[in-house]
Amino acid sequence: MSDEQPAVERQDFIRDIVRDDLASGRHREVVTRFPPEPNGYLHIGHVKSIALNFGIAEEFGGRCHLRFDDTNPVKEEHEYIEAIKEDVRWLGFDWGAHLYHASDYFEQLYEWAEHLIRSGLAYVDDQSADEIRAQRGTLTEPGAASPWRERGSDENLVLFRAMRAGEFADGARVLRAKIDMAAGNINLRDPVLYRILHASHPRTGDRWCIYPTYDYAHGQSDAIEHITHSLCTLEFEDHRPLYEWLVEHLPVPSRPRQIEFARLNLASTVLSKRRLLRLVAEGRVSGWDDPRMPTICGIRRRGYPPAALRDFALRVGVAKRNSVVDPALLEHAVRTELNRTAARRMGVLEPLKVVIENYPEGASEELEAVNNPEDPGAGSRRVPFARELFIEAGDFMEEPPPKFYRLAPGREVRLRYAYLITCREVVKDPSGAIVELRCSYDPATRGGDAPDGRKVKATLHWVSAAHAVGAEVRLYEPLFTRPDPGAERDWVEDLNPASLRVVSEARLEPSVAELAAGERLQLERLGYFCLDPDSRPGRPVLNRTVTLRDTWAKVRDRG
RNA sequence: UGGGGCGUCGGCAAGCGGUAAGCCACCGGUCUUUGGAACCGGCAUCCGCAGGUUCGAAUCCUGCCGCCCCAGCCA
């Protein structure tokens with residue numbers, strides 16, 4: 001027993017704590033919670049927290065609750081509750097029957113507040129917010145006691161009940177904990193526990209006109225749910241003493257422990273609710289689900305698979321150091337997942353016409369193409385081939401530099417799944433622009449292999465001109481032009497004007513038209529894409545999720 | 001002499017007194033019907049700095065330096 005090795009390797013300090021607590025018998029099972037306030041949409045930063053909380057519960061055989069921290073009715077909306085549930089589910093996590101709301105506990109929380117009053121640990125303060133602020137002191141100076149601090153508990157009780165009964169206007173009075181106005185930790189300088197808010201709550205309607213603050217509600221909600229490990233971000237470190245003070249002075253059914261970790265920051269994007277809202281409000285993006293947005297709904301529309309997001313969260317790790325993660329790590333996780341799972345298709349973004357001169361006019365045939373070389377079980381499909389094709393304009397150069405080994409005059413290349421072709425002639429319009437390539441094909445190379453064993457250095461994607469379907473393809477680049485938007489000027493100034501490029505006349509192999517919105521695919525040699533909900537029958541709209549790694553681009557840009 | 005945290009490769013991140021994991025990025029190479037994928041190899045004599053303890057320190061002690069959070073009746 002004593003020399004038993006842990007089954008899981010050490011991952012982070014939080015899992016260490018959980019493992020120790022289980023091993024020592026401090027807890028029989030682990031219970032975590034993801035506690036969003038329903039006041040906005042979830043974004044990639046939340047994925048870290050979601051994956052941490054649900055992941056730990058899963059790994060240690062415990063459970064994770066989804067709890068809406070709905071203590072401030074003026075900021076919260078039902079719409080967000082549903083959106084958040086959808087996002088968490090989409091990520092692949094399941095809270096089972098454990099869906100809760102802080103508002104479920106309003107009555108209990110209220111009773112405990114009276115308990116605090118009776119214990120002489122809370123008092124009703126008649127001062128205004130400004131007066132309270134003025135008395136709080138500063139970071140270096142202690143605060144001063146409120147004139148109402150020594151009010152007797154009977155009077156406090158009467159007043160607090162009157163607060164609840166709606167006898168006072170918003171802001172007229174608050175309930176404060178009586179702790180220490182000289183504490184170095186400002187959170188302990190008699191924090192506000194209840195405020196008067198004559199506002200309708202998305203769930204409790206007009207039943208209440210006093211609402212608990214986060215500080216008062218959170219720890220007690222954790223205790224009610226028997227949360228063992230309450231994981232939150234670093235900025236709440238200062239609140240932990242208050243969290244513990246409350247849990248110690250109240251007859252709560254369990255003693256949860258708050259543990260803080262560093263929130264996720266991603267380079268080249270913004271994650272604050274305020275900034276995201278501004279992007280939407282000012283029309284800088286098409287909406288919360290714009291595929292360039294770091295919101296979960298944006299990411300979903302962009303085509304990122306949930307498994308990739310979970311993998312990303314694991315790769316990012318959990319620690320207490322403030323850090324900024326390179327989006328390349330996210331893209332890596334996305335490519336890894338999509339490489340395994342995405343069906344391959346061909347499509348041309350910038351079509352260049354190719355006429356196979358020795359291919360019979362009016363004829364066509366179907367060639368077999370593998371759906372995913374990484375997954376034999378994915379099968380194959382048939383791709384139409386004919387005399388007139390489109391290839392990618394960038395795959396031809398009239399005067400190729402040394403390392404360019406795609407198509408060029410007189411050069412032979414392979415058309416993927418099809419034939420070896422040789423460029424015989426370049427046709428230009430009066431302005432000198434290339435409009436067409438006249439090529440020949442070798443009928444003996446059907447499928448792509450030459451019987452004589454000769455090799456070509458390039459394989460190009462292509463599409464039959466007559467069979468291809470037209471499509472709109474949306475190409476995305478980072479929303480910002482620098483990793484740290486706003487570092488030197490207003491962050492909006494750092495918005496990337498080229499973050500969206502629309503290709504309206506892409507040509508895709510016909511089978512793409514059969515895909516449903518949301519389906520993901522790889523356009524060979526170009527990248528991973530997914531069908532946008534804007535797609536209509538016969539007119540697909542594709543979002544480029546992420547490009548393929550492009551070694552040639554590096555070589556080209558270097559020389 | 002306000003309180004609370006954090007400083008290990010370009011970016012994340014292990015390391016918990018025994019002589020610097022891993023991942024991403026980057027750089028080579030092999031292979032290839034995606035210049036994709038896969039595979040092989042390279043990439044911190046050094047852990048913010050300075051002292052000290054020790055046979056031995058990124059890990060312990062002391063002192064500096066730097067960065068982040070806190071003065072909402074937001075969460």
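Letters A, B, ... are given to chains in the order of the sequence lines, protein chains preceding strands, and every chain is numbered from 1. No experiment lies behind these values; they were computed from the predicted model shown.
An aromatic stack links W552(A) and the base of G35(B), using centre distance under 5.5 Å and interplanar angle under 30°.
Between W208(A) and F106(A), the ring-plane angle classifies as perpendicular under the 30° and 60° cut-offs.
Whole-Å rounding puts the F312(A) CZ to C12(B) C1' distance at 9 Å. Distance, E37(A) CD to C74(B) C1': 7 Å, rounded to whole Å. Taking atom CZ on R321(A) and atom P on G11(B), their separation rounds to 10 Å, with Å as the unit. Note: CE (M346(A)) to C1' (U34(B)) measures 10 Å, nearest angstrom.
R136(A) comes within contact range of the sugar-phosphate backbone alone, with a heavy-atom separation under 4.0 Å but no base atom that close. Within the nucleic acid shown, V74(A) has no heavy atom closer than 4.0 Å to any nucleic acid atom. Here H239(A) lies in heavy-atom contact (under 4.0 Å) with a base. Among the atoms of the strands shown, only primed sugar atoms or phosphate atoms (P, OP1, OP2) are found under 4.0 Å from some heavy atom of D69(A). Note on A129(A): a base of the nucleic acid sits closer than 4.0 angstrom, heavy atoms only. Using a 4.0 Å heavy-atom cutoff across all strands shown, S128(A) reaches at least one base atom of the nucleic acid. At a threshold of 4.0 angstrom between heavy atoms, the contacts of R549(A) are confined to the sugar-phosphate backbone, with no base atom among them.
With a cut-off of 3.5 Å on both pairing distances, U34(B) has no Watson-Crick or G-U wobble partner at all. Pairing for G72(B) is absent, with no Watson-Crick or G-U wobble pair whose two atom distances lie under 3.5 Å. G18(B) is paired with C55(B) under the Watson-Crick or G-U wobble criterion, all donor-acceptor distances under 3.5 Å. A 3.5 Å limit on both hydrogen-bonding distances identifies C40(B) as the Watson-Crick or G-U partner of G28(B). The pairing partner recorded for C49(B) is G63(B), the criterion being a Watson-Crick or G-U wobble arrangement whose two distances lie under 3.5 angstrom.
Mapped onto RNA chain B by nearest heavy atom, L329(A) and R173(A) fall at different nucleotides, with L329(A) at the one closer to the 5' end.
Applying the 90° criterion around 0 to the glycosidic angle, G66(B) comes out anti.
Closest to the side chain of K75(A), out of A13(B), C24(B), C74(B), is C74(B). Closest to the side chain of I186(A), out of C6(B), G2(B), G36(B), is G2(B). Of the listed nucleotides (C74(B), U34(B), C73(B)), U34(B) has the atom at the smallest distance from the side chain of L548(A).
Using modelled atom types, one side-chain atom of H46(A) and one backbone atom of H43(A) make a donor-acceptor pair closer than 3.5 Å.
In this structure, R406(A) does not pair ionically with E392(A), as no charged nitrogen and carboxylate oxygen lie closer than 4.0 Å. Under the 4.0 Å criterion applied to side-chain N and carboxylate O atoms, E225(A) and R33(A) are not assigned as salt-bridge partners.
With Y110(A) as the aromatic partner, R164(A) meets the cation-pi criteria of under 6.0 angstrom to the ring centre and within 45 degrees of the ring axis.
Distances shown here put a side-chain N or O of R195(A) below 4.0 Å from the OP1 or OP2 atom of A75(B).
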